[in-house]
Every structure is written in C-alpha cells, then in structure tokens.
Amino acid sequence: MKFYSTNNPALRVGFKEAVFNSFPSDKGLYMPLSVPRLDEDFLKNIEKFSLSEIAFEVAKTILAGSIPASDLRLIINEAINFDAPTVKLDANTFVLELFHGPSLAFKDFGARFMSRVMSYYLKPDEKILDVLVATSGDTGGAVALGFLGVPNIRVTILYPKGKVSEIQKLQLTTHGQNISAIEIDGTFDDCQALVKGAFADAELNSKLRLTSANSINISRLIPQMFYYFNAYAALKWQGCTNLMFAVPSGNFGNLAAGLLAWKMGLPAKHFLAATNLNDTVPHYLTSGMFLPKASVQTISNAMDVGNPSNWARIIELFKQQPEELATLISGYSFSDEETTTAIEEVFKQFNYVVCPHTAIAWLAVKRWRKENPADIPTAVFLSTAHACKFLDVMPQDVSNQVAVPAQIRNIASKSTSVASLGNDFESFKKYLSKNI
C-alpha cells in the first residue's frame, strides 16, 4: 500500500516513510492511495472473530505489502492486548468502552500500535527518533506509556498550561526515562502549531530525526478502525446490525478512523460528530464553511480543538462524493452546562458513569433521536476515557461513585518533571536544540 499527501495527490510513499515522516513537507496529511474493502465472507462472519483477529484482518487489508503478515500479527497481539466491550444501556443504546488500556483512554489503541510499528522498522544503528506530540489531555498519556522504555526513541509531549486535569498532568510528567513533558502557556492549538512548525523547520530537521505521535500520523489512525469493526461484531452477534456511531470529537482522528472503516465495509448507517463549544465542524456541516477559530476551554478538555487537523482527511475521503458526506454525518455541539446535566442524567437513568467527553456523545444521540423520531437505528456512543480522570469537573454525587483504578492511584506519589515555555516557536526551537 502506498500513501499520498492531501496537499499533493502525486506524492507516493510507503508505510514506513509515512510513519517516520508523519507530516509531509507540503503540510498535508498522509492518506492511503486507495481504500480496500474487507473480504465479504469475513464481514459476513465477523462475529466469530476476536478483537485481535479483527484487528489483524483490518490492518493486513489496509497495509497490504507493508509488513509481513506474521510480523504484523505479532505487533497487533502485543499492542492490542486489552478489551473494548460494548455495554448495553437499553434495547437500542450501547456504549463502546475504549478506556481499558494502560492509560485509560481510547488513544491507547493508536499509541501502542504506532510505538510497536516504529520499533519494528527502527534499526539499532539508525539515528535516534524524536517523537513530538501535542496533547489536549489523553493523547500524551497514551503516547508516554506506549513508548516508555522503547529503545532509540525519545518522546517530547506538549500540553497547554492549566487546561488538562490533574490526573492527566500526572500521566504526562511522571515517567522520566525517554519521556519529557513541556507545559505551554497557551492552548492545544498552540501546542499543535509548535509541533507542525518543528516539522517544517529545515534547520531542526537537519539536526534531529523528527516524527509525530499525534493523529496526524497515519499509524495512529489505522488501529482506531479496529474497535469500530469489533463493536459491529459484538452487536451483530446480539442481532443488532442497523448501527449509528456517535463520536466525541476534538482533532477528529476518531471520526476519521470510523469513516475510513466505513469505506472499508463497516455497515454503519450514520455517524454523529459530537463536540463541545469548539464547534468548527458542526458549523461546517450546517453552513458549508470551514472556519477555524481559537479553541475554547471546556470541562471536556481533550476536545478543546478549534482547528481540527483530521477534518482534511475526512474531506479527502469524500472528495468524489461530497453529497455522501453531508448525508452520512450530523454534527452537534454542547455547552459545559449541558454536559454536566447529561452526566447526571445518564447516571440517574442507567446507573452508569460517563466522563464529560462521553456525555457529549450521548447528548448527540439524544438530539439526533429527537430530530429523527421515525428512525430508530441502534446507537453506539463512544466512551473515550475513564471517568476517574475528570472527577474535579463532574457532579459530586456522580464522581463519588467512581472507583479509581490502581494505575492512577500509584502515579499520585511519583515525582514530576516538566519544562515550561511560552507559545512562540523560537523558544520551542531553542529548547529542542538544547535538550534533545
């Protein structure tokens, strides 16, 4: 499989180059040259397969010729070694729990797969690889654990000062070894701009071998398809095949992966792009105008993105059928007040605790059903993170019911190490030149 840039359709690179040079010099994003469909017999019998078996089939199909099948199976078995269950709330509503990995967030799928792929391709005598990652909350923690101790790779994580939860901050700053963290006086969009600026800087790239662990890296996006197909398999086994997915969205990698899965044959009827007040995409879906803006801080902080990078991939997927995009996706945005109320409502109605991001996905389902009362597909809303990460912004009567997992309790006693910078590129460039 070859990959091209969204800004240069004539460009052709292999998977290895797309992984290591994650951000093309033309500032586009890598996309597969073609989107292959999964084998029809496999889809027909998908409920008979485990998550790792489904993941292998999806990866083998989209990465044909990039990694030998035997090696790819080993990578997946090591990376995807946790579950992604679908939990029934009522006859037509399921929550897809994606927080059972090491960092308790859906980003574990992408980070662990990507780290194993990079380690597979990286030779011992090659120049050390410097991974840069901007995070609005959960990406950094997943990347840190995914790459911790991986030989010949260093990771530098940028996060916005005062805009991640305390538990998220601990997950970013307590590892040491080959993991470094920088607190940026700005927003996630500032962090993302600094990372992109580093990739575009010729002087830095002459000294350092840089790559990204954000969802701009295609190896982050591919494994996120796995859980969409796995959810379909689980619900098909229960007799539910008319599915709609509600996706809490920030940088839109998660929705991009779902739509890529749809192109590969995922039998989904509709997708809901659910955001907080950072509503660039819902506004686009209703107005036709994509107007990036400064990100707004909310209690669903991992979604505080005003200029989502991966929307370019989604547009690229549907460039030949733009009308299909308009009918396949509905966009909704919600306030902090609505999110808090939703957390309480879900707990009261289902005795189930959702984090603020997951609550927004549930609100999207609720809104869509109100607008489409005659249409009743089975709704699957994605739970992207464990609620324990957001206890400080959740209603106390609900947060009191949350059991904090052992891995979170253990990091509270660890010492932290973090650098602090402004949001100007020259300061960041000097830091990279001096410290890595």
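Note that the structure is predicted; figures quoted are calculated from it, not measured.
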Plane angle bin for F252 and W311 - parallel if under 30°, tilted between 30 and 60°, otherwise perpendicular: perpendicular
F82 and F109: CA distance, side-chain angles, deciding distance, ring pair (Phe, Tyr, Trp, His ring centres under 6.0 Å) verdict: CA-CA 9 Å; F82 50 90; F109 282 86; 4.9 Å; yes
Can you tell me if [X] uses its side chain to pair, donor with acceptor, with the backbone of [Y] under 3.5 Å?
| X | Y | result |
| --- | --- | --- |
| S215 | L221 | no |
| N435 | Y431 | yes |
| N152 | E126 | yes |
| H283 | F290 | no |
| K236 | I46 | no |
| D201 | G197 | no |
| N214 | I216 | no |
| W262 | A268 | yes |
| N351 | F347 | no |
| N205 | F199 | yes |

Working for salt bridge (charged side-chain N to carboxylate O under 4.0 Å, His left out), residues K60 and E57: CA-CA 5 Å; K60 181 185 69 172; E57 190 68 26; 3.5 Å; yes
Steps toward salt bridge (charged side-chain N to carboxylate O under 4.0 Å, His left out) verdict (E371, R367): CA-CA 6 Å; E371 295 175 356; R367 177 78 58 82; 5.0 Å; no
Any residue meeting salt bridge (Lys or Arg N to Asp or Glu O under 4.0 Å) with K319, in chain and number order, not counting sequence neighbours: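 Per chain and number, K319 pairs via salt bridge (Lys or Arg N to Asp or Glu O under 4.0 Å) with E316.
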Results of salt bridge (Lys or Arg N to Asp or Glu O under 4.0 Å) for E183 - residues two or more places apart only: K169
Under 3.5 Å, is there a donor on one side chain and an acceptor on the other for [X] and [Y]?
| X | Y | result |
| --- | --- | --- |
| T187 | D190 | yes |
| S383 | T358 | yes |
| N310 | R313 | yes |
| N92 | R369 | no |
| S165 | K389 | no |
| D424 | S427 | yes |
| Y352 | Q401 | no |
| S5 | D26 | yes |
| Y284 | D279 | no |
| N276 | D304 | yes |
| N307 | Q192 | no |
| T341 | E344 | no |
| S399 | Q396 | no |
| D108 | S103 | yes |

Salt bridge (charged side-chain N to carboxylate O under 4.0 Å, His left out) assessment of R112 paired with E78: CA-CA 8 Å; R112 288 174 64 81; E78 183 178 338; over 6 Å; no
Please indicate whether [X] has more than 12 foreign heavy atoms, meaning atoms of other residues, nucleotides or ligands, lying under 6.0 Å from its [atom1].
| X | atom1 | result |
| --- | --- | --- |
| K269 | NZ | yes |
| I376 | CD1 | no |
| K293 | NZ | yes |
| K127 | NZ | yes |

For residues [X] and [Y], report the shortest heavy-atom separation together with the two atoms involved.
| X | Y | answer |
| --- | --- | --- |
| P282 | T275 | CG-OG1, 3.6 Å |
| A198 | L210 | O-CD1, 3.7 Å |
| N301 | K163 | ND2-O, 3.2 Å |
| A134 | T139 | O-CG2, 4.2 Å |

Taking C-beta and beyond as the side chain, do [X] and [Y] meet within less than 4.5 Å on heavy atoms?
| X | Y | answer |
| --- | --- | --- |
| T211 | S22 | yes |
| N254 | Y227 | yes |
| L285 | V281 | yes |
| L325 | I314 | yes |
| V133 | L158 | no |
| L260 | Q224 | no |
| F229 | M264 | yes |

Full working for side-chain contact (heavy atoms from CB on, under 4.5 Å) between Y228 and L382: CA-CA 10 Å; Y228 283 98; L382 276 58; 3.6 Å; yes
Criterion side-chain contact (heavy atoms from CB on, under 4.5 Å) on Y232 and L243, from CA distance to verdict: CA-CA 8 Å; Y232 171 69; L243 302 186; 3.7 Å; yes
Geometric cation-pi criterion K196 and F425, 6.0 Å radius, 45° cone: no
R209 to F20 six-membered ring, cation-pi geometry met (6.0 Å, 45°): yes
CA sep, side-chain torsions, deciding dist, call: S335, L277, side-chain contact (heavy atoms from CB on, under 4.5 Å): CA-CA 6 Å; S335 68; L277 291 177; 4.2 Å; yes
Check ion pair K430-E426 (N to O, under 4.0 angstrom):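 Between E426 and K430 there is no salt bridge, as every charged N stays at least 4.0 Å from the carboxylate O atoms.
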Centroid-centroid distance, F3 to F15, less than 6.0 Å: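 They qualify: ring centres under 6.0 Å apart.
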Validation row, ring centre H270 to ring centre F245 under 6.0 Å: no
Step-by-step salt bridge (charged side-chain N to carboxylate O under 4.0 Å, His left out) determination, R154 to D130: CA-CA 5 Å; R154 292 179 299 211; D130 280 296; 2.7 Å; yes
CA sep, side-chain torsions, deciding dist, call: T93, D90, side chain to side chain donor-acceptor pair (under 3.5 Å): CA-CA 5 Å; T93 312; D90 63 33; 2.8 Å; yes
Worked verdict on M118 versus V19 for side-chain contact (heavy atoms from CB on, under 4.5 Å): CA-CA 7 Å; M118 287 184 176; V19 170; 3.7 Å; yes
